[in-house]
Amino acid sequence: MAVVYLQDDNIRVSVSHGKTIRQIAQRVGASMEFGCRVGDCSTCVATIKSGMEYLSPKNLKETKALEMLSSDTTNLRLMCQCSIDGEGEIIISYNI
Amino acid sequence: MLGDITPVSESVHFIGAFDPKIRTFDIIMKTANGSSYNSYLVRGSKGVCVMDTVKKEFSEIFFKRLELLCEYDEILYIVLHHLEPDHSGALLELMKKAPQAKLIISGRAVMMLKGLIKTDITFEVANTGKTISLGDKTIEFLSTPFLHWPDTMSSFLHEDKILFSGDIFGSHYYDERLFDDEVGDFSYAFKYYYDHIMRPFKQYVLEALRLYERFEITTIAPLHGPVLRSNPNFYIQEYARWSSEARFRKHVFSHKMLSVFYMSSYDNTHKMAEKITEGADSIDGLVASMYDLASLDESNMIDLLEESDAVVIGSPTINGDAVKPAWDLLSCMAYLESGGKVGASFGSYGWTGEAPEMLHDRMRWLKFRLPVEPIKIKLIPTEDELDKCYLFGIEIAEITMGKMVEMEI
């Protein structure tokens with residue numbers, strides 16, 4: 001199990017491997033914003049404060065979308081694209 | 001009728017189109033005298049930049065105005081601050097007439113452009129800080145997303161101190177005298193536009209205003225309605241005030257606000273509402289209040305929802321559904337910022353009791369935080385059940401005040 005801390009809603013949730021952050025956020029009622037939900041619109045961009053290593057690697061679509069937003073994408077992820085891929089704590093910040 | 005080509009400054013001209021006949025805009029907005037699709041041409045010593053286009057059916061007048069001011073081969077850049085069809089309607093034709101021109105859009109506009117244009121065209125992406133030069137004129141771009149689509153951006157023409165704001169600061173108001181100091185009183189249309197278009201994105205409005213702060217703006221050139229040149233700071237301050245949380249009464253008295261909205265046929269859901277409110281109100285730093293939806297009109301619903309940190313909705317189940325005023329209440333969220341509010345639902349029922357779950361599901365799609373499952377009670381609540389309602393109110397209030405929610409899924 002991984003633990004996802006959704007910082008802006010103060011929700012800590014234990015989750016199993018493979019779930020996307022979007023699925024988790026919507027299940028627990030977090031206030032994360034979503035647009036297209038398929039990695040095109042970048043609405044769900046969020047900052048991974050820690051635990052990037054417990055998330056699935058960025059796919060090409062996500063990489064391209066993030067590069068359109070910022071020159072430094074090190075800690076950025078699209079919440080509709082990344083999923084749990086490890087056991088540890090992931091801290092996510094997503095509001096402005 | 002073409003009319004004169006109106007200069008906004010020595011190097012900027014209005015080349016947009018007026019639409020005095022339109023009465024309903026974007027399905028949700030009314031306009032009593034029409035609107036305009038504002039486009040501008042900026043001339044520098046080395047060439048021309050076209051700021052946005054117009055709705056497709058107004059292309060002819062747009063091109064006539066443009067042709068009076070420049071040759072197509074002089075156009076170096078086409079900037080789309082916002083891709084909605086009323087601003088991108090003449091883009092493809094313009095790009096055919098000026099194939100050398102570079103199209104500039106925001107990063108978030110890329111996939112939208114493909115969806116709208118349905119063909120591959122080349123473009124450059126502009127984020128905050130990117131500049132382009134027209135020789136003696138410099139245009140700097142500002143990323144101002146979600147005002148009111150993800151793609152929106154603004155730009156600032158340094159030498160003329162003109163902010164091309166996009167839809168922000170717009171009005172659906174038709175008046176060919178164009179400038180705010182010459183047109184009729186459009187104040188109502190300016191506020192109405194904010195309320196319907198920008199109010200759901202007020203945190204993004206405040207972000208945009210922070211970006212604008214470093215510029216000395218003498219004119220705001222929006223995409224609809226009057227050009228604001230008499231006192232741009234007045235309009236900026238109006239947006240800042242309307243978007244600020246500080247104006248809310250709860251901030252004056254430093255408390256959080258929980259609102260219980262309910263309807264009741266036989267007083268049962270009402271009794272639950274009373275206990276939930278009582279429980280919530282027992283938590284320090286939070287004021288809980290209850291409102292009977294039978295006597296709440298839409299504008300009051302919107303104001304109460306906007307100010308509430310937590311929204312709890314109670315409805316009996318009638319014919320397998322929540323009652324219409326409960327749905328009407330939630331439909332008001334279309335005018336408000338989504339996300340961040342704590343939500344919950346409850347209700348007494350006689351037969352099937354779906355209403356609380358249905359409201360819960362709808363609130364999920366509206367991006368409420370829903371940390372507790374709905375509570376429903378068969379017909380008349382017992383003392384034990386009313387105690388559960390009291391504890392339900394406490395739990396929602398504590399979460400609203402910052403208690404961490406721990407879950408396993």
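Bear in mind that the values here come from a model prediction, so they are computed numbers and not experimental data.
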Check your understanding: In Å, rounded to the nearest 0.5 Å, how long is the span from CD1 of A/Ile48 to OH of A/Tyr94?
Key -> 11.0 Å
Exercise for review: Please state whether the side chain, the backbone, both or neither of B/Arg369 comes within less than 4.5 Å of a heavy atom of chain A.
Suggested key: both
Revision key, fill the gap. If one checks every heavy atom of B/Lys403 against chain A at 4.5 Å, the contacting part turns out to be backbone
Checking heavy atoms, do the side chain of [X], its backbone, both or neither come under 4.5 Å from chain B?
X: A/Ile24; answer: both
X: A/Val45; answer: side chain
X: A/Phe34; answer: backbone
X: A/Met1; answer: side chain

**Study point:** Choice from B/Arg108, B/Met112, B/Glu406 maximising heavy atom contacts with chain A below 4.5 Å
**Key:** B/Arg108
Review point. Can A/Asp40 and B/Lys114 be counted as an ion pair, charged N to O under 4.0 angstrom?
Key: no
Check your understanding: Ion pair present between B/Glu307 and B/Lys341, side-chain N to carboxylate O less than 4.0 angstrom?
Key -> no
Check your understanding: Yes or no on salt bridge (charged side-chain N to carboxylate O under 4.0 Å, His left out) for A/Glu33 and B/Lys367, after CA distance, side-chain angles and deciding distance?
Key -> CA-CA 8 Å; A/Glu33 293 275 0; B/Lys367 303 188 185 79; 3.5 Å; yes
Please tabulate, for side-chain N and O atoms in residues 68-78 of chain A, each donor-acceptor pair with protein atoms closer than 3.5 Å (sequence neighbours left out).
from    : atom 1 : to      : atom 2 : distance (Å)
A/Ser70 : OG     : A/Asp72 : N      : 3.1
A/Ser70 : OG     : A/Asp72 : O      : 3.2
A/Asp72 : OD1    : A/Thr74 : N      : 3.1
A/Asp72 : OD1    : A/Thr74 : OG1    : 2.5
A/Arg77 : NE     : A/Glu62 : OE2    : 2.7
A/Arg77 : NH1    : A/Ser56 : O      : 2.8
A/Arg77 : NH2    : A/Ser56 : O      : 2.8
A/Arg77 : NH2    : A/Glu62 : OE1    : 3.1

Check your understanding: Looking at residues at least two apart in the chain, or sitting in another chain, which of them share a side-chain hydrogen bond (donor to acceptor under 3.5 Å, both in side chains) with A/Ser42?
Key -> none
Check your understanding: Looking at A/Arg27, A/Met32, A/Gln23, which has the largest count of heavy-atom pairs under 4.5 Å with chain B?
Key -> A/Arg27
